[in-house]
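Taking it in order: structure first as structure tokens, then the write-up.
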Amino acid sequence: MKVVIDRSMILPKLFYFFQYGAWASLGPYLVIYYQNLGLVGSQIGVLASIPPLMTLIGSPIWGGLADATRKTRALLGVAITLTMGMVLVMSFTRSFWLLIPVVILYAFNNAPIIPLVDSTVMDMLGERRTQYGRQRLWGAIGWGVAAPIAGALIERYGLRWAFYAFLVQMFIVLLVTLRLPISPGGLGKRFWAGVRQLLHDKRWGVFLGVVFISGIGGSSIHNFLFLHLDGLGASETLMGIFLTVATLSELPVFFFSDRMLNRWGARNLIAFSLFVFVLRAMAYAFIKSPWLSLPVQLLHGLTFSIMWAAGSMYARQIAPAGMGATAQSLFISTNFGLGAMAGALICGALYQAIGSAGMYFWMGCAILAAAVAFVLLVRNQQEAGK
């Protein structure tokens, strides 16, 4: 069987591979870096809360600017360069009060990179946009490859190598980005007309509401799963296996996401992702053995990856012409910005009040209500002729 390689899509694959490899090399170790500086838990919490806030603020600003000015390539170059600069400064910063503005600038400039490139990749794919997942899966591969390499380097040579690994890979990302065939789309002077059209589309309110709830659910996994597993007696080695299984579960979902999108459509897959999350949350709530929780991690691909692929597609489908970057930025900022922030606060309060099992039970109930509401609202919109 002859394997046909689409050379026109090699650059996006390289981008996602090294971009997520860079994040895998630095992101998980930042809290350890903060701890080694002598910061207390509340200070670490403040620094950890900045990236989702800046995603919420920065991503729509950069996305709107790209659509309004048609200078996506230049803006991407600036964002990546400033991100690298702030990470370099961060590696030499020792004071909590100095770290605050550095982390703010890092997160603000980092926020638009993925949505701007996602929009570009959608343009490159054209009528083949359902194949977006086959490009994005290389991010999961990059994460899976870089994480153990970075871990070995850090264990052998120290935490500073987390910063080095990030900067080297981001420099490759910059070179790749400057070669991407970014179309001169956008609305130019008609940008604000596009914004008004987007805001008056009721589908956006329903979609972003569901994405917000999904972000809260994702935050419960990202921030509290290891605490839940620790309470069940899981070892650090088992926790690492949980991460590996979750990453592996993304690959087939992203690879076959085009077939799923073509067969069932983006809206149905979004609803499916929510219902699967309900199953995942309830499993965490009732399973008492950490080893029995391990197979549940296989559902990660059906919750995270499907929501990402279907959400990106749906955002593009309902976006006004020329508003692709803004649409992707709204999707990303609502999920990983507003939703992640709210999730950290809500799940933290639930965890303290009723424990991790109770938190996952009520989180499952909330996601179930959101899934049912989404299905009913979409059905009503379809009947109304939307």
Side-chain angles (χ1 to χ4, degrees), residues 1-17 19-20 114-115 117-145 180-181 203 206-207 210-211 214 217-218 221 244-280 295-319 324 327-328 331-332 335-336 367 370-371 374-375 378-379 381-382 386:
M1 180 178 178
K2 183 178 181 181
V3 178
V4 178
I5 299 176
D6 186 352
R7 296 184 182 275
S8 66
M9 301 306 298
I10 290 178
L11 288 176
K13 292 179 175 64
L14 289 173
F15 167 84
Y16 288 120
F17 181 89
Q19 177 67 69
Y20 283 90
I114 287 296
V117 173
D118 279 353
S119 179
T120 296
V121 172
M122 291 285 189
D123 287 336
M124 292 175 66
L125 289 168
E127 297 300 320
R128 300 175 296 153
R129 286 173 184 164
T130 56
Q131 295 183 10
Y132 162 79
R134 296 198 177 193
Q135 316 309 316
R136 173 59 181 80
L137 76 84
W138 285 88
I141 296 173
W143 183 286
V145 171
L180 283 174
R203 293 174 298 178
V206 174
F207 173 57
V210 166
V211 169
S214 175
I221 303 293
T244 301
V245 170
T247 301
L248 291 175
S249 74
E250 294 181 22
L251 302 183
V253 175
F254 275 130
F255 185 81
F256 292 109
S257 62
D258 59 330
R259 300 184 185 183
M260 292 187 287
L261 284 165
N262 287 327
R263 181 166 183 175
W264 291 297
R267 286 181 300 199
N268 289 333
L269 287 180
I270 290 171
F272 174 73
S273 173
L274 294 173
F275 284 118
V276 174
F277 186 90
V278 174
L279 177 62
R280 186 180 181 186
V296 181
Q297 282 295 86
L298 293 172
L299 298 178
H300 174 76
L302 298 178
T303 54
F304 172 79
S305 303
I306 282 186
M307 177 59 73
W308 189 297
S312 296
M313 177 59 61
Y314 190 62
R316 189 57 178 241
Q317 288 175 351
I318 64 176
Q328 294 299 323
F331 167 56
I332 296 296
N335 195 334
F336 299 103
I367 299 294
F374 178 68
V375 171
V378 166
R379 181 178 300 174
Q381 288 177 348
Q382 288 175 324
K386 289 300 292 181

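Just so you know, these numbers come straight off a predicted model, no measurement behind them.
- Contact of the Arg128 side chain with the Asp258 side chain is not registered, since no non-hydrogen atoms from C-beta on lie closer than 4.5 Å.
- Summarising the geometry, atom CG belonging to Leu279 is positioned 9.5 Å from atom CG belonging to Leu302; distances are rounded to the nearest 0.5 Å.
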message: If you apply the rule side-chain contact (heavy atoms from CB on, under 4.5 Å), what do you find for Arg203 with Tyr314, and how did you get there?
response: CA-CA 10 Å; Arg203 293 174 298 178; Tyr314 190 62; 4.0 Å; yes
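- Of all heavy-atom pairs between Ser257 and Gly133, the closest is OG-CA, 3.2 Å.
- In terms of heavy atoms, Tyr20 sits closest to Gly139 at CB-O, 3.1 Å.
- Taking CZ of Phe255 as the reference point, atom CZ of Arg136 lies at 15.5 Å (rounded to 0.5 Å).
- Atom OH of Tyr132 is separated from atom CZ of Arg316 by 11.5 Å, given to the nearest 0.5 angstrom.
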Trace of the side-chain contact (heavy atoms from CB on, under 4.5 Å) decision for Arg280 with His300: CA-CA 8 Å; Arg280 186 180 181 186; His300 174 76; 3.5 Å; yes
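- For the atom pair Phe272 CZ and Thr303 OG1, the distance stands at 10.0 Å (nearest 0.5 Å).
- A cation-pi contact, defined as under 6.0 Å to the ring centre and within 45° of the axis, is absent between Arg267 and Phe374.
- Taking both residues in full, the closest heavy atoms of Phe275 and Val375 are given as CE1-CG2, 4.2 Å, listed atom of the first, atom of the second, then distance.
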- prompt: So Leu125 and Gln135, side-chain contact (heavy atoms from CB on, under 4.5 Å) or not? Walk me through it.
  reply: CA-CA 10 Å; Leu125 289 168; Gln135 316 309 316; 4.2 Å; yes
- prompt: So Ile306 and Phe277, side-chain contact (heavy atoms from CB on, under 4.5 Å) or not? Walk me through it.
  reply: CA-CA 11 Å; Ile306 282 186; Phe277 186 90; over 6 Å; no
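- Between Phe331 and Phe207, the ring planes are parallel. Angles under 30° get that label, and only those over 60° would be called perpendicular.
- Looking at Asn335 and Met307, their side chains come closer than 4.5 Å, going by heavy atoms from C-beta outward.
- Atom CG of Leu14 and atom CE of Met9 lie 11.0 Å apart (nearest 0.5 Å).
- Atom CD1 in Ile141 sits 10.0 Å away from atom CG in Leu248 (nearest 0.5 Å).
- The closest donor-acceptor contact from the side chain of Ser312 to the backbone of Trp308 lies under 3.5 Å.
- Between Phe304 and Val253, the closest side-chain pair of non-hydrogen atoms is not below 4.5 Å.
- With hydrogens and angles ignored, the 3.5 Å screen pairs no side-chain donor or acceptor of Arg263 with any backbone N or O of Met260.
- The shortest heavy-atom contact between Arg134 and Lys13 is O-CE, 4.4 Å.
- Here the closest non-hydrogen pair linking Ala309 and Leu261 is O-CD1, 4.4 Å.
- Between Pro12 and Val121, the shortest heavy-atom distance links the atoms CB-CG2, 3.8 Å.
- Between the side chains of Arg259 and Thr130, no donor-acceptor pair of N or O atoms lies under 3.5 Å.
- Ser214 places a side-chain heavy atom less than 4.5 Å from the side chain of Leu274.
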